[in-house]
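Take a look at the structure set out below.
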Amino acid sequence: MIEKKWQKKWAEEKIFESDPNDKEKLFITVAFPYPSGAMHIGHGRTYTVPDVYARFKRMKGYNVLFPMAWHVTGAPVIGIADRIKRKDPWTLDLYENVHRVPASELPKLEDPEYIVKYFSSEYNEVMHEMGYSIDWRREFRTIDPTYKKFIEWQITTLKEKGLVIRGEHPVKYCPRCDNPVGDHDLLEGEGVGVNELTLLKFKIDDKILVTATLRPETIVGATNIWLNPDIEYIEVSANGENWIITKEAHHNLSNQIKDLEILNEINPNDLIGKLAINQFTGETLPILPASFVSDDYGSGVVFSEPADAPADYIALKDLKNNAELISKYNLEGIIEDVNPIPVCTVKGYGEIPAADIIEKLGIKDQNDPKLHDATNELYKIEHSKGRIIDSIEGYGGKKVSIAREELKEELISKNIATIMYDFAEKPVICRCGENCVVKIMDNQWFMKYSDPEWKVKTHEVLERETIIPPEVKNNFNYYIGWLDDWACSRNVGLGTRLPWDKQWLIEPLTDSTIYMSYYTIAKFLRNMNPDDLNNAFFDKVLLNKDSDDVKVDAETVDEIQKEFNYWYPLDWRLSAKDLVGNHLSFLMFHHSAIYPENKWPKGTVVFGMGLLEGNKMSSSKGNVILLKDAIEDYSADVVRLFLMASAEPWQDFDWRQKEVLGTKRRLDWFKEFGQKVEEIKGSPLDINNIEKVELTRTIDLWMLSQLNQHIKAAGEALEVFQTRKALQESLFLLRKDIDHYLYRQSHLLDKKDPAVIYVLSTVLESWIRLLAPFTPHSCEELWSKYGGNGFVSQASWPEVNEDLISLKIEKSEELVQNIIKDIKQIKNMLGDDISKIHIYLSSDWKWNLYEIANEVGKPDIGQIMGRAIKANIYDNKKEIANVAKKLGREMTKTKYVGKINENQIINDALAYINQEVDGEVIIHTDDSYDPENKAKNAMPYKPAIYME
RNA sequence: GCAGGGGUGCCCGAGCGGCCAAAGGGGGAGGACUUAAGAUCCUCUGGCAUAGGCCUUCGAGGGUUCGAAUCCCUUCCCCUGCACCA
C-alpha cells in the first residue's frame, strides 16, 4: 500500500513537526472533534480542508503549524454511557452498527471516559490514514491535568476582569434524572422552545388565583377568570401568599419558585361563580368554567380577554349558549354582563379581533383544534403590527410589543405579577420516559457577553479578521450584538471545575475558546508537573506578566514563552457554520478580553454541511459512511480529492458514489499520465532534469500558456480556501487541455518530437506538485518514481511563468478550432462533394478598424467610422462602413486581444486541420482567386471560407 | 417573527454588465477501440434553420443600458440559525 508507505516515511522523517525557525510562520487550526462516535466522511471534509491548506502553504515556503487535540469535556458522553449501562436498545444498536464498535469493546463504553478515549484514539488512527500533516507532538485531551490548569487560569483571568458573574437561568430539566437535558437527550419534543409567561395575580378572599399569560398587556381587557372544573387544583404557599394553581402546574413551577409548599386541594366548583379582583384595574371579575383550559400549561388558571384571545372569545360564547352550565353554577345575572373589552387595534381587523379570526377560520367551539392556529395568527399580527387603543390610560397608542414589556415591568414592580417559564409545546419527554420541566438553575455562573465594553472590543476583533466566506461577517456582527450572558457552569459532565466554586464544572463551549494558544506550548507541558503550572506560570508565558510565584525554572519558561510568541496569533480558524453563533463568537470574545491586539485571531473559515446521496448526513439516523470504510473502498487520496473537489468548504457537499467513482478514474488517469509521457519519450523520465527546447509551434506554446494559467488560478483560489475552484483548474480543466494537446499532436506522438517531450514533461512535473496538497500519497509516489528530489510535500509550489501566459496564443488556438468548426458546419450543409477549401484572411486595414473599435469600446458605428476615416485606414469609405457595421455586431461577441498572425497560425496547424476536415486547404491572403466573392467577408479572428 | 443565504439547462453546480445557448461534473445518445463487457478517446445533449445563421431560456413581473443570468425596484418560493447544546 503506497499510502501507508508514505505515511510511515513522513512520520520517520518528522517532516510535519514544526518548530520555530527563520521562515514566515502560519498557524492554522480547525475546531477539535468531540469524539463520541466514529469519524464519518463529513468529518473527513472538515479536517481535510486545513490539511490541504497547510500542505499548500508549506510548499509556498511557510513554516506551518497544524495541530490536533480532543475535546472530551461536556455532558453527552455521560448520557451515552448511562444508556449503554441501561442497555438502551437504540443506543446499543447505534454504537454497534453505525459506529461499529466491536462487541468486546461495547460494554466498556459504560465508562464515559472510556468512550472519549476509545473514539479519540480511533480518530487519531483515521486521521493518520487520511495522511493529515499534523504535528502530533501537540496532541492533548481537554481533561488532561495540564490542560485543566490552563483552563483554570483562563477562567480566573476572566473573573478578575469582572466578566464571570452569578445569575440564574431556566433550562430544560428531567426531574427523574435530576439533570438538565439537551435536545439530544429527548425522546420527544426536540427543538421545543421555552416561553416566558407572566403570572398575574387575581385576589379572591385571602387567596390568589395565579393566571399565566403570554400577553400581560391585555390585563386591561380582562373580563373574567377561567377554571376547568374537570382538573385538579391545589392551594400552595408561595412567599407568604396563598396561590391557587393546578397540581400539574405545581410540578413544573416548583422547579422555578422556591419553597412552593402544597397546603391543600381546592375544588374548582366551589370557586366558579364567585368574584375575583383585578388588582391592576380594581375591577371584580367572575370566575367561570371552561373546558379548553389545560392543567399542564402555565398555571392552569387563565384570565379571559375575549377581545383578542380567540379561545376566550369562543369559550364565552359557548358558555352563554349553555343553559345547563349557567344554571348549574347560578350564573344568571352575571354572564350577561361579561362582554369583550377592546384593547388592541390592528389593520384588517375590527373592534374585536378575536371575533373576526374565529369567523375567518370557521371555528365552532372551544375544543376546535383550529383554535391553536387562530391564537397564533392573531398573536403574531398584533405583536408585530398592533397598537393599544387610545382610550387606555398610559398605554394608549403604543405598539403592542412595547406596551407588553412596559406593563409587565409595572405589574411586577407592584407585585401583581411575576415570571414563570413553560415549554412552547408539549410534551417534552426525556429519554428515560419522564416529562421534562423548566427548571431555574440558580447560583449559576455566567460569561457576561452582555457587557457593552466587551462587545465593542469583540467587534474590533471581528473587524480586523478576514472571514471566509465574507458574507458570514454580517452574521458574526449580528451574533456578537445579540449574545446575552451565557451560563458557563454545569453540574454534570467531564471537565474542569470552577477554581472558586468547586461544585460547578466549566461548560464545554467556554473551555474551548482560546485553547489554540495551548497547542503552541503543549509539547512542553505534556511532560511537566501540573502542580507547577499555576496562574503565575501562564501569566508569564502567555501575557508576559512577571511574578515571584512562577515555579518553573526561568530558562524553560523562556523557551515556552518564545514558542508561544512565535506561533501566536492564530492565522486561520476553521469551523462549521452552526458554530458561528456560539463557539466562533466566543473565541473572539475571549481573545479580546484576554490577549492584546497583536494576539487576536486573523482569519476564520466557516464550513457547510455534508449530504449523502442528497440526504442530510446524521450518525443518529444511521445515514453516514464511516471515513475508514471510504478509505478502504477508494483510498485516502480519492476521498480527499472528492471532498475537496465537489464543493467549496463553506458549501454543502454531497457524497454520491457515482461521482466518487468518477473522481477515482480521474486520479487514475493522472497517475498513468507519467507512464504515457515516458512512452512518448521512449526513455525513463527525470523531472529533475528536463531538457529545455525552444518552442516555435503555437500549439506547444498554447499548452504551456494554459498550464501557467491554471497554476496561477489554482494558487489564487487556494489562498482563499477555494479548494473546488483550485481543483477545477489544476485537475479538471488542466486535464481537458492535456487531452486536447495530445489529440492535437497525435500525429507527432510516435515521432519523439523534442518539443512535445519537453512540453509534456514540464506539464507532468508541475502537475505533480500542483496536486500534492490534495492527493499527497499519489504525488509522493510519482515524484519519487520520476526523479523528483526529496518529498514532494517539501517541494515548492510551481511558480507561475507570466511570460508564457498569452491571450494571443489562446486566441490563436481558438482561431484554429473555429475554422474547423465552421468548415465542418458548412460541409455538412453542402454535402460531401468538396475537394478544395479556400480560406481568406482578413486584410490589414480591417485589423486597424478593429483596433479602433476596441478603443471606442462600444458598438457606436458613427464614432468608429469617424476615427477610422480620420486615421485614413482605407480609401473605400463605403467598404469601411460595411465592415464597421459587421464589426459592431462581432465585437460584442468576441474579445479583442490584438493582432495575431493568422497566416502562420493556420499554416502551423495545417496538418491537423486537414486531418479534421478532410480536404485540400488553401490559404489566401488576397482575392486573386475568389469566384464567389467571399474574400470580403473575412474578418479578424474569422477568416472567410469558400469551398468547392 | 428576527437575522443571514439562495432560486441557472434532465440532476449537481460555476458564472454576477458584452468572448453566455451559459464552465465543470453526473446522467443520457451516437461513434472509435474491444471477441464481448468495462475502461479509454471523440461528437452531440433548448428549439428552428442549413454558407458559418436565427429564435426562446438563467423563479415571476417591471425598469436602467447600444447591450442583463449578471445592476435597480416589486413579488413569489426555498434553505440555515435563533442558544445553555457539542
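Just so we're clear, the structure is a prediction, and the values are computed from it rather than from any experiment. Naming convention: chains lettered A, B, ... in sequence-line order (proteins, then strands); numbering from 1 in each chain.
Here A:Glu851 pairs with nothing under the salt bridge (Lys or Arg N to Asp or Glu O under 4.0 Å) rule; sequence neighbours left out. In this structure A:His40 satisfies the ring-ring contact (aromatic ring centres under 6.0 Å, His included) test together with A:His43, sequence neighbours excluded. Residues satisfying the side-chain contact (heavy atoms from CB on, under 4.5 Å) criterion with A:Glu932, sequence neighbours excluded, are A:Lys934, A:Tyr946. Contacts of A:Arg141 classified as side chain to side chain donor-acceptor pair (under 3.5 Å), with partners at least two apart in sequence or in another chain: none. Judged as a salt bridge (Lys or Arg N to Asp or Glu O under 4.0 Å), and not counting sequence neighbours, A:Lys439 has no contacts. With sequence neighbours left out, the ring-ring contact (aromatic ring centres under 6.0 Å, His included) criterion links A:Phe607 to no other residue. For A:His459, the ring-ring contact (aromatic ring centres under 6.0 Å, His included) test picks out no residue, with sequence neighbours left out.
Counting to the nearest Å, the C1' atom of B:G52 and the CD1 atom of A:Ile839 are 12 Å from each other. Rounded to an integer number of Å, the gap from OH of A:Tyr123 to P of B:A86 is 15 Å. Distance A:His43 NE2 to B:A86 P: 15 Å, rounded to the nearest Å. Nucleotide B:C85 holds its P atom 14 Å from the NE2 atom of A:His71, rounded to whole Å. Distance OH (A:Tyr379) to C1' (B:C2): 13 Å, rounded to an integer number of Å. When rounded to the nearest whole Å, the span between CH2 of A:Trp70 and P of B:A86 equals 19 Å. For the pair A:Asn477 CG and B:C82 P, the interatomic distance rounds to 19 Å; values are reported in whole Å. Atom OH of A:Tyr912 and atom P of B:C42 are 10 Å apart (whole Å).
At the heavy-atom level, A:Trp669 lies under 4.0 Å from the strands shown only through sugar-phosphate atoms. The residue A:Pro943 sits close to a base: some heavy atom pair falls under 4.0 Å. Contact annotation for A:Met441: no contact, since no heavy-atom pair falls under 4.0 Å across all strands. Counting non-hydrogen atoms under 4.0 angstrom, A:Tyr896 reaches nothing in the nucleic acid.
Between A:Phe589 and A:Lys455, the closest side-chain pair of non-hydrogen atoms falls below 4.5 Å.
Two rings, from A:Tyr634 and A:Phe642, have their centers 6.0 Å or more apart.
With both pairing distances under 3.5 Å, B:G4 is matched to B:C79 as a Watson-Crick or G-U wobble pair. Base-pair partner of B:A60: B:U74 (Watson-Crick or G-U wobble, both distances under 3.5 Å).
Remark: A:Glu855 CD is packed, more than 12 non-hydrogen atoms of other residues, nucleotides or ligands lying under 6.0 Å away.
For the P atom pair drawn from B:C48 and B:U43, the interatomic distance equals 23 Å after rounding to whole Å. Rounded to the nearest Å, the gap between the P atom of B:G4 and that of B:C54 is 44 Å. Only the C1' atoms considered, B:C78 is 26 Å distant from B:C20, to the nearest whole Å. Using atom P as the reference point in both B:A68 and B:C58, the two lie 12 Å apart (nearest Å). Between B:C12 and B:C33, the two P atoms lie 37 Å apart (nearest whole Å). Nucleotides B:C10 and B:C44 place their C1' atoms 15 Å apart, quoted to the nearest Å. B:G81 sits 32 Å from B:G27 when the P atoms are compared, rounded to a whole Å. Rounded to whole Å, the separation between the P atoms of B:C2 and B:U8 comes to 26 Å.
Contacts between residues 810-819 of chain A and RNA chain B, defined by a heavy-atom separation below 4.0 Å, involve A:Lys811, listed by number.
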Between the protein and nucleotides 22-27 of chain B, list the N/O to N/O atom pairs that are separated by less than 3.5 angstrom.
residue	atom	partner	partner atom	Å
B:G24	OP1	A:Lys736	NZ	3.2
B:G24	O4'	A:Gln728	OE1	3.4
B:G24	O2'	A:Gln728	OE1	2.8

Tabulate atom names and distances for all N/O pairs under 3.5 angstrom spanning the protein and nucleotides 32-34 of chain B.
none

Can you give me the N/O atom pairs linking the protein to nucleotides 3-10 of chain B at distances under 3.5 Å, or say none if there are none?
residue	atom	partner	partner atom	Å
B:G4	O4'	A:Asn475	OD1	3.1
B:G4	O2'	A:Asn475	ND2	3.4

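Residue pairs meeting the salt bridge (Lys or Arg N to Asp or Glu O under 4.0 Å) criterion with at least one partner in residues 475-486 of chain A, sequence neighbours excluded, are absent.
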